[in-house]
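Everything below concerns the one structure shown next.
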Amino acid sequence: MQTILSATQLTALSKQAHRFGKRVGFVPTMGALHQGHLSLVRAARTQCDVVVVSIFVNPTQFGPNEDFTRYPRTLDADSAMLAAEKTDYLFFPSVEEIYPQGAATWVEVETLSGKLDGVSRPGHFRGVTTVVAKLFNIVQPDAAYFGQKDAAQAANIRKMVRDLKFDVEIVVCPIVREADWLAMSSRNVYLQGEQRKQALVLSRALQRVQELTAGGEKSSDKLIAAGKEVMAAEPAVKLDYFVIVNPETLEPVADVCQGVLVAVAAYVGITRLIDNVVLPTQ
Ligand code: PAF
């Protein structure tokens with residue numbers, strides 16, 4: 001695996017791969033890698049000839065009071081894991097490489113950026129779509145791999161790709177969970193003592209919704225109420241949202257017949273966690 005710091009060099013390598021008829025797969029990350037990230041790298045490895053992974057803790061997707069400075073940075077461990085997965089190129093740019101002095105151009109999906117996490121994290125999705133657009137221009141991938149855990153992020157990216165006509169296939173891979181069903185996240189390392197157990201309430205609430213829909217319940221209002229009741233039974237966890245929405249538009253849906261996203265976000269202490277399930281069309 002070669003580590004590349006320069007955007008120009010990475011673009012040249014990608015162009016060279018394309019000249020040889022190779023398919024380039026790209027996994028954008030912020031590092032602090034876990035099995036969820038590695039599942040994306042494995043999917044890219046299976047479907048593509050050349051695999052590029054980026055590690056860039058993107059400052060523009062963090063709010064002023066969020067965890068940008070303390071976000072875990074574990075480059076040595078990450079590099080070892082990526083090399084073991086036969087990654088070809090690790091792109092590890094500096095902030096200046098991605099946001100040169102005076103950079104003033106943003107990419108924002110105006111109909112989606114203020115929804116779900118965009119409510120309590122204003123500017124977050126604008127930061128995500130801006131950096132992903134830049135990374136796509138640098139890496140020029142044929143396919144890019146994202147995790148279903150960040151379902152609203154995936155919706156913003158799919159829409160950006162359609163609207164701006166990026167020639168990239170977006171592949172969204174299933175959530176990878178711990179044995180006790182906690183969704184894997186780089187932020188799980190923040191959970192202290194009891195909080196690790198309290199965090200399980202998110203997946204428990206989603207499982208309750210799945211059980212009720214399996215039993216025939218179709219009303220989103222009732223399912224949301226049931227999910228919130230499970231959340232309320234863990235008072236140490238502060239609910240941000242519990243919603244049932246269309247996975248593309250992120251608009252609320254009244255009944256769950258149509259294939260919906262059930263998504264939850266909550267604070268465990270100061271750690272914000274998200275999780276979701278997709279209910280199939282009934
Ligand atoms: O999902 C993430 O890790 C980040 O939001 C991404 C897509 C790498 C953009 O910084």
Side-chain angles (χ1 to χ4, degrees), residues 4 7 10 25-41 43-44 51-63 66-75 77-78 81-82 87 89-99 103 106-109 112-113 115-118 120-139 141 143-161 164 166 168-176 183-190 250 263 265 271-276:
I4 311 287
L10 188 62
F26 176 43
V27 183
T29 82
M30 298 204 300
L33 301 182
H34 51 68
Q35 288 299 320
H37 295 111
L38 298 186
S39 74
L40 309 181
V41 178
V51 175
V52 181
V53 178
S54 63
I55 294 181
F56 179 65
V57 186
N58 173 34
T60 66
Q61 69 188 75
F62 290 81
E66 293 184 353
D67 56 342
F68 173 67
T69 44
R70 70 182 187 113
Y71 196 84
R73 287 157 170 90
T74 54
L75 182 63
D78 292 349
M81 284 191 251
L82 293 174
T87 301
Y89 301 114
L90 166 58
F91 182 44
F92 183 62
S94 64
V95 172
E96 296 67 39
E97 189 71 1
I98 299 296
Y99 297 102
W106 297 94
V107 178
E108 179 167 11
V109 180
L112 299 181
S113 63
K115 292 183 174 147
L116 273 68
D117 310 279
S120 56
R121 304 187 69 189
H124 169 67
F125 287 126
R126 180 176 92 145
V128 169
T129 41
T130 299
V131 80
V132 170
K134 285 170 184 259
L135 291 168
F136 282 179
N137 283 332
I138 294 165
V139 179
Y145 297 78
F146 295 87
Q148 171 63 25
K149 187 174 73 66
D150 298 291
Q153 167 172 287
N156 274 265
I157 289 166
R158 279 194 296 260
K159 180 88 174 108
M160 174 192 82
V161 163
L164 298 184
F166 277 102
V168 184
E169 181 194 349
I170 301 300
V171 182
V172 179
C173 298
I175 296 177
V176 178
M184 288 199 185
S185 163
S186 303
R187 290 190 168 95
N188 289 350
V189 296
Y190 297 152
L250 305 182
T271 305
R272 189 173 183 283
L273 298 178
I274 57 174
D275 198 352
N276 67 79

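FYI, side chains are in, hydrogens and waters are out, and symmetry mates aren't considered; it's all heavy atoms of this structure. The residues of the chain are indexed from 1 along the displayed sequence. Just so you know, ligand 1 is whichever comes first in the structure, and atom 1 is the first atom listed for that ligand.
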Fill in: Within 6.0 Å of CZ in Phe92, more than 12 heavy atoms from elsewhere
no

Worksheet entry | Protein contact of atom 5 (O) of ligand 1 - nearest heavy atom, named by residue and atom, plus distance | Gln153 OE1, 2.7 Å

Discussion item. Suppose I only count heavy atoms of Val131 and a 4.0 Å limit; which atoms of ligand 1 are within that range?
Written reply: 9 (C), 10 (O)

Worksheet, complete the sentence: For Thr29, the atoms of ligand 1 under 4.0 Å from one of its heavy atoms are 8 (C)

Item to complete: Determine whether the side chain, the backbone, both or neither of Ile157 has a heavy atom under 4.0 Å from any heavy atom of ligand 1.
Response: neither

Discussion item. List ligand 1 atoms under 4.0 Å from Pro28, heavy atoms only on the residue side.
Written reply: 8 (C)

Item to complete: Could you pull out all residues at least two apart from Lys149 that satisfy salt bridge (charged side-chain N to carboxylate O under 4.0 Å, His left out)?
Response: none

Worksheet item: Considering only heavy atoms from C-beta outward, does the side chain of Leu40 approach that of Leu33 to under 4.5 Å?
Response: no

Fill in: Residues that Arg126 engages under side-chain hydrogen bond (donor to acceptor under 3.5 Å, both in side chains), provided they are two or more places apart
none

Worksheet entry | Candidate list Leu10, Asp78, Leu75, test side chain to side chain contact (heavy atoms under 4.5 Å, CB included), partner Leu90, passing option | Leu75

Worksheet item: Which residue and non-hydrogen atom of the protein lie closest to atom 10 (O) of ligand 1, and at what distance in Å?
Response: Gln61 OE1, 2.6 Å

